[in-house]
Peer 1: 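One structure, as structure tokens, below. Some questions next.
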Amino acid sequence: MSGSNVNLPPGFRFYPTEEELVVHFLHRKATLLPCHPDVIPDLDLYPYDPWQLHGKALAEGKQWYFYSRRTQNRIAENGYWKAIGIEEPVLTSANIRVGMKKYLGFYVGEAPAGMKTSWIMEEYGLLSSDSCSSSISRSSKTRAHPKIDWVICKVYERSSDEDGDGEELSCLDEVFLSLDDLEEISLPN
């Protein structure tokens with residue numbers, strides 16, 4: 001995936017709503033229905049640090065989108081993803097609950113002593129029951145398919161002006177902190 005808008009015609013951008021991510025993309029993926037355009041790649045996120053996603057996920061602006069399988073192991077090469085906040089429902093324009101959104105923050109180092117970074121992941125999942133299937137698409141409810149717990153991930157780096165605590169790390173700081181010899185690095189106070 002070399003371009004940022006793979007399979008999209010020139011001039012088109014990928015800015016889906018939460019409803020579109022869950023109903024049009026994730027539901028279709030989970031029920032093995034074709035999705036046109038098929039632009040979101042499958043990616044096993046967890047071996048990668050967030051700054052390594054360029055060229056592996058669908059990039060739109062400073063956001064990366066990809067399908068992944070839901071897992072409890074969220075350990076990356078130089079850190080880990082940790083749930084922050086509570087899960088929020090994803091609602092359709094008709095106010096029907098079709099999925100859940102979970103926020104995760106990336107921490108450099110080993111849990112639980114890692115340092116929080118400015119990288120955020122929004123993980124979109126279908127509801128665990130089949131109740132959302134009937135509200136999303138009645139034509140697909142009889143389709144037989146294997147149970148794979150897919151999620152859509154949207155990863156981005158929050159800018160420092162969005163969070164006033166001033167404790168966020170820049171991408172360069174994250175790279176330096178990910179080095180094996182952390183003792184030899186002197187950080188400014």
Peer 1: Minimum heavy-atom separation for L126 and V22, please, with both atom names.
Peer 2: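 Answer, listing the atom of L126 first, then V22: CD2-CG1, 3.8 Å.
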
Peer 1: By the definition ring pair (Phe, Tyr, Trp, His ring centres under 6.0 Å), identify the one residue from Y65, F66, W64 that meets it with F14.
Peer 2: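 With F14 as partner, ring pair (Phe, Tyr, Trp, His ring centres under 6.0 Å) holds for just one option, Y65.
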
Peer 1: Dump the intermediate steps for side chain to side chain contact (heavy atoms under 4.5 Å, CB included) on L104 and K102, then the final yes or no.
Peer 2: CA-CA 7 Å; L104 298 109; K102 180 186 295 187; 4.2 Å; yes

Peer 1: Do Y48 and N78 touch side chain to side chain, with heavy atoms closer than 4.5 Å?
Peer 2: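 Not touching, per the 4.5 Å side-chain cut-off.
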
Peer 1: Between D149 (side chain) and R70 (backbone), is there a donor-acceptor pair under 3.5 Å?
Peer 2: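 Pair absent, no side-chain N/O of D149 close to backbone of R70.
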
Peer 1: List the atom of R69, the atom of V151, and the distance in Å for their closest heavy-atom pair.
Peer 2: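 Answer, listing the atom of R69 first, then V151: C-CG2, 4.5 Å.
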
Peer 1: Only counting residues at least two apart or in another chain, list the ones meeting salt bridge (Lys or Arg N to Asp or Glu O under 4.0 Å) with E18.
Peer 2: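 E18 satisfies salt bridge (Lys or Arg N to Asp or Glu O under 4.0 Å) with K101 only.
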
Peer 1: Checking N73 side chain against I75 main chain: does a donor-acceptor pair fall under 3.5 Å?
Peer 2: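 Yes, because the side chain of N73 sits within donor-acceptor range (under 3.5 Å) of the backbone of I75.
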
Peer 1: Of all the heavy-atom pairs spanning L21 and P16, show the shortest one and how long it is.
Peer 2: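 That would be CD2-CG, 3.6 Å.
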
Peer 1: So, is the end of the R158 side chain (NZ or CZ) under 6.0 Å from the ring centre of W119 and within 45° of the ring's axis?
Peer 2: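 No, R158 does not lie over the aromatic ring of W119.
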
Peer 1: Ring pair (Phe, Tyr, Trp, His ring centres under 6.0 Å) with Y80: which residues, sequence neighbours excluded?
Peer 2: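 Y80 satisfies ring pair (Phe, Tyr, Trp, His ring centres under 6.0 Å) with Y107 once adjacent residues are dropped.
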
Peer 1: Side chains of R97 and L127: does their closest heavy-atom pair fall under 4.5 Å?
Peer 2: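 Yes, their side chains come closer than 4.5 Å.
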
Peer 1: Please answer whether the main-chain N or O of F106 pairs with a side-chain N or O of T117 as donor and acceptor at a distance below 3.5 Å.
Peer 2: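 Present.
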
Peer 1: For a side chain to side chain contact (heavy atoms under 4.5 Å, CB included) check, start with the C-alpha distance between L45 and L53, then their side-chain angles and the critical distance, and finish with the verdict.
Peer 2: CA-CA 8 Å; L45 164 70; L53 292 175; 4.1 Å; yes

Peer 1: Side chain to side chain donor-acceptor pair (under 3.5 Å) with E87: which residues, sequence neighbours excluded?
Peer 2: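 Counting only residues at least two positions away or on another chain, E87 forms no side chain to side chain donor-acceptor pair (under 3.5 Å).
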
Peer 1: For E20, which residues count as a side chain to side chain donor-acceptor pair (under 3.5 Å) partner, sequence neighbours excluded?
Peer 2: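 Side chain to side chain donor-acceptor pair (under 3.5 Å) list for E20, sorted by chain: T17.
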
Peer 1: Return yes if a side-chain donor-acceptor contact under 3.5 Å exists between T92 and E19, otherwise no.
Peer 2: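 Their side chains do not contain a donor-acceptor pair, so the 3.5 Å distance test is not met.
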
Peer 1: Using the test salt bridge (Lys or Arg N to Asp or Glu O under 4.0 Å), find all partners of D42 that sit at least two apart in sequence or belong to another chain.
Peer 2: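 By the salt bridge (Lys or Arg N to Asp or Glu O under 4.0 Å) rule, D42 matches K29.
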
Peer 1: Run the numbers on V108 and D49 for side chain to side chain contact (heavy atoms under 4.5 Å, CB included), then give the verdict.
Peer 2: CA-CA 9 Å; V108 173; D49 294 323; over 6 Å; no

Peer 1: Which pair of heavy atoms, one from T31 and one from H27, lies closest together, and at what distance?
Peer 2: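 Residues T31 and H27, closest heavy atoms: OG1-O, 2.8 Å.
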
Peer 1: Could you check whether any side-chain N or O of S68 sits under 3.5 Å from a backbone N or O of L43, counting only pairs where one atom can act as donor and the other as acceptor?
Peer 2: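 Yes: the side chain of S68 pairs with the backbone of L43.
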
Peer 1: Should R74 and E123 count as an ion pair when the cut-off is N to O under 4.0 Å?
Peer 2: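 Salt bridge: yes.
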
Peer 1: Just verifying a value: how many Å separate C153 SG and I40 CD1, rounded to the nearest 0.5 Å?
Peer 2: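 The CD1 atom of I40 is 10.5 Å from SG of C153, to the nearest 0.5 Å.
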
Peer 1: Looking at CG of L26 and CD1 of I152, how far apart are the two atoms once the value is rounded to the nearest 0.5 Å?
Peer 2: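 That separation rounds to 5.0 Å.
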
Peer 1: Verify side chain to side chain contact (heavy atoms under 4.5 Å, CB included) between Y103 and M121, making sure each step is shown before the conclusion.
Peer 2: CA-CA 6 Å; Y103 288 95; M121 176 169 53; over 6 Å; no

Peer 1: Test of understanding: with ring pair (Phe, Tyr, Trp, His ring centres under 6.0 Å), list the residues that count as partners of Y67, not counting sequence neighbours.
Peer 2: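 With sequence neighbours excluded, Y67 shows a ring pair (Phe, Tyr, Trp, His ring centres under 6.0 Å) to no residue whatsoever.
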
Peer 1: How far apart are the closest heavy atoms of P89 and M100, and which atoms are they?
Peer 2: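 Reported closest heavy-atom pair: CA-SD, 3.7 Å.
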
Peer 1: Do you know the tightest heavy-atom contact between P47 and Q52?
Peer 2: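 Nearest heavy atoms, P47 then Q52: O-OE1, 4.3 Å.
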
